[in-house]
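Computed from a predicted structure; not experimentally measured.
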Amino acid sequence: MDLIHKFLYKQNNNLFTKRMKKTLILLSALTLMVSCMSKEEKMKEAEEDGNEVIAVKSKLIEGAGKALLKVLEM
């Protein structure tokens with residue numbers, strides 16, 4: 001009976017390690033595919049992020065200007 005338990009335990013461990021290896025290979029391949037954007041895609045994404053930052057700053061400046069005008073009118 002003890003030999004059967006050892007055999008089954010070893011088989012379960014082998015299946016677990018094989019599954020883990022496959023999972024790790026798939027995850028690393030997916031990560032590699034996602035991280036390999038072309039230079040144009042990276043530049044376009046950076047440009048969009050920059051445009052968002054500029055839009056927020058311009059809204060803040062515009063709001064500060066309107067608040068200053070209200071203060072000066074009083």
Checklist entry - Tell me, which pairs form a salt bridge (Lys or Arg N to Asp or Glu O under 4.0 Å) where one or both residues lie in residues 47-65, sequence neighbours left out? => result Glu62-Lys66
Checklist entry - Which value, rounded to the nearest 0.5 Å, describes the distance between Ile61 atom CD1 and Ile54 atom CD1? => result 10.5 Å
Checklist entry - Can you name the closest pair of heavy atoms from Ser58 and Ala55 and give their distance? => result OG-O, 2.8 Å
Donor-acceptor contacts under 3.5 Å from residues 23-33 side chains, at least two apart:
unit_1 : atom_1 : unit_2 : atom_2 : d
Thr23  : OG1    : Arg19  : O      : 2.7
Ser28  : OG     : Leu24  : O      : 3.0
Ser28  : OG     : Ile25  : O      : 2.9
Thr31  : OG1    : Leu27  : O      : 2.8

Checklist entry - Got a sec, which hydrophobics cluster with Leu60, joining ILVMFWY side chains under 4.5 Å apart, including via others? => result Val56
